[in-house]
Number of protein chains: 2
Amino acid sequence: MTMSESPRPPQRTVPGRGTRVRATRQAEAVSQALAELPEFRSAQEIHAELRRRGERVGLATVYRHLQALHQDGGVDALRDERGEVLYRRCDTGAHHHHLTCRSCGRSVEVEAAAIERWAEQVAAEHGFTEIDHTVEIFGLCPDCARRNG
Amino acid sequence: MTMSESPRPPQRTVPGRGTRVRATRQAEAVSQALAELPEFRSAQEIHAELRRRGERVGLATVYRHLQALHQDGGVDALRDERGEVLYRRCDTGAHHHHLTCRSCGRSVEVEAAAIERWAEQVAAEHGFTEIDHTVEIFGLCPDCARRNG
DNA sequence: GTAATTGCAAAGGATTTGCTCTGGT
DNA sequence: ACCAGAGCAAATCCTTTGCAATTAC
């Protein structure tokens with residue numbers, strides 16, 4: 001088994017695709033679900049949705065794809081008040097935050113350049129580096145407020 | 001079994017003390033640990049600290065007390081990036097946010113009246129009610145940055 | 001063909017709960 | 001005495017991992 005060609009590098013990504021490189025039925029299914037679900041959903045909910053649609057995808061696989069998609073930037077992730085991670089397709093590429101309905105997951109992207117600057121400045125003032133920040137607003141959207149209490 | 005006295009109401013709190021009403025050795029131990037630990041710590045870390053000190057307190061009890069203290073407002077709680085809840089005694093009574101070292105838990109309270117107003121306003125604009133918000137800044141404090149990478 | 005992916009099932013880790021026992025008051 | 005509170009193990013929940021079986025390319 002001679003290899004006159006140069007050994008291919010341990011490539012981890014493919015341009016245009018992401019961390020995961022093969023076009024599998026499962027990858028497509030997860031992306032598809034995210035493309036169609038408008039609001040934030042947990043991995044478990046997405047998994048349930050897939051099963052509902054008759055797609056046969058393992059829960060672990062759903063988790064793996066969501067993580068990969070999130071890393072690749074095509075999917076937003078946030079932690080809800082219970083500590084569960086919710087995912088949603090990312091509309092804009094830019095950094096932003098969310099106003100999210102705690103009941104139905106409906107979410108509005110809110111731009112917050114001012115917040116970013118504030119965070120950076122506060123951190124700098126105290127000599128902190130490698131800054132990350134979390135800004136989430138939760139509430140009841142009008143619809144859910146009407147329905148529930 | 002006559003009861004000539006009036007039945008006492010199902011009192012849940014005691015003025016000056018909190019959700020939990022009895023002065024137990026364990027309650028005191030948890031409060032004490034919080035009083036002395038300057039930075040954010042997980043329930044498990046606080047439990048470990050207590051054992052280190054020779055205090056015999058069950059983990060569940062630590063969780064129960066931390067929750068109670070948090071509800072009573074004497075203790076701040078935040079979720080770190082891994083999703084774990086961290087606790088720390090609350091210096092000021094007022095609402096505030098934190099700039100927290102992801103490595104050692106050291107934390108600076110940052111006042112953010114502007115953020116509050118912004119959150120309220122964003123929520124109102126979209127008709128959301130029963131608003132809650134999360135604003136956390138994580139980074140490496142100067143000391144940890146020097147020590148690590 | 002061969003390495004990336006899957007799918008379970010098991011493992012992990014934080015938190016909560018059931019229930020009996022203990023100790024404040 | 002009475003009942004809030006403690007202990008501890010079992011139960012929950014979300015998420016990750018190990019590994020053999022698949023499957024894209």
Side-chain angles (χ1 to χ4, degrees), chain A residues 1-3 5 7-31 40-48 50-51 55-72 75 77-87, chain B residues 1-3 5 7-31 40-48 50-51 55-72 75 77-87:
Chain A
M1 34 145 73
T2 56
M3 295 208 308
E5 322 264 310
R8 64 189 117 62
Q11 179 175 343
R12 290 274 75 213
T13 61
V14 157
R17 235 180 298 154
T19 314
R20 307 214 138 195
V21 294
R22 284 183 181 173
T24 65
R25 172 177 59 77
Q26 293 87 335
E28 173 57 21
V30 172
S31 295
F40 277 97
R41 293 284 180 264
S42 69
Q44 315 245 11
E45 286 172 329
I46 290 168
H47 177 244
L50 288 173
R51 305 207 65 189
E55 297 281 356
R56 200 156 304 329
V57 183
L59 177 57
T61 300
V62 172
Y63 271 102
R64 290 189 272 235
H65 277 294
L66 289 174
Q67 284 176 178
L69 290 167
H70 175 51
Q71 284 181 3
D72 296 340
V75 165
L78 62 84
R79 212 176 268 283
D80 69 14
E81 290 167 315
R82 290 209 356 272
E84 205 170 352
V85 179
L86 307 182
Y87 299 90
Chain B
M1 33 150 71
T2 56
M3 296 207 308
E5 322 265 309
R8 65 187 116 60
Q11 179 175 341
R12 289 276 79 212
T13 60
V14 156
R17 236 180 297 154
T19 314
R20 306 210 140 200
V21 294
R22 286 185 182 175
T24 64
R25 174 177 57 79
Q26 293 85 338
E28 172 56 20
V30 173
S31 294
F40 277 97
R41 295 283 179 264
S42 69
Q44 315 247 9
E45 287 172 328
I46 290 169
H47 177 244
L50 287 173
R51 306 207 65 190
E55 297 282 357
R56 201 156 301 343
V57 183
L59 178 57
T61 300
V62 172
Y63 271 103
R64 290 190 270 235
H65 276 294
L66 289 173
Q67 282 175 179
L69 290 167
H70 175 51
Q71 285 182 4
D72 296 340
V75 165
L78 61 84
R79 213 176 267 281
D80 70 14
E81 291 168 314
R82 293 205 357 270
E84 204 171 353
V85 179
L86 307 183
Y87 299 90

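In what follows, chains are A, B, ... by sequence order, proteins preceding strands, each numbered from 1.
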If I take atom [atom1] in residue [X] and atom [atom2] in nucleotide [N], what distance separates them, rounded to the nearest angstrom?
X	N	atom1	atom2	value
A:Glu55	C:dT6	CD	P	13 Å
A:His47	C:dT6	NE2	P	12 Å
A:Glu45	D:dT15	CD	P	10 Å
B:Glu84	D:dC14	CD	P	17 Å
B:Arg56	D:dA6	CZ	C1'	13 Å
A:Ile46	D:dC14	CD1	P	14 Å
B:Glu28	D:dA4	CD	P	22 Å
B:Leu66	C:dA14	CG	P	14 Å

**Study point:** B:Arg25 (side chain) donor-acceptor with B:Arg56 (main chain) under 3.5 angstrom
**Key:** yes

Review point. Do any N or O atoms from the side chain of B:Arg79 and from the backbone of A:Asp80 form a donor-acceptor pair under 3.5 angstrom?
Key: no

Point to revise | D:dA6 phosphate, OP1 or OP2, under 4.0 Å from B:His65 side-chain N/O | key: yes

Check your understanding: Between A:Arg20 and C:dT6, does any side-chain N or O lie under 4.0 Å from OP1 or OP2?
Key -> yes

Point to revise | A:Leu50/A:His47 under side-chain contact (heavy atoms from CB on, under 4.5 Å): CA gap, chis, key distance, verdict | key: CA-CA 5 Å; A:Leu50 288 173; A:His47 177 244; 5.5 Å; no

**Study point:** Where protein sits on nucleotides 16-25 of chain D, one letter per nucleotide: B base, S sugar-phosphate only, - none, heavy atoms under 4.0 Å
**Key:** BBB----BBS

Check your understanding: Of B:Ala43 and A:Gln26, whose closest DNA chain C nucleotide lies nearer the 5' terminus?
Key -> A:Gln26

**Study point:** Exercise: identify the closest heavy-atom pair between A:Tyr63 and A:Gln44
**Key:** OH-NE2, 3.2 Å

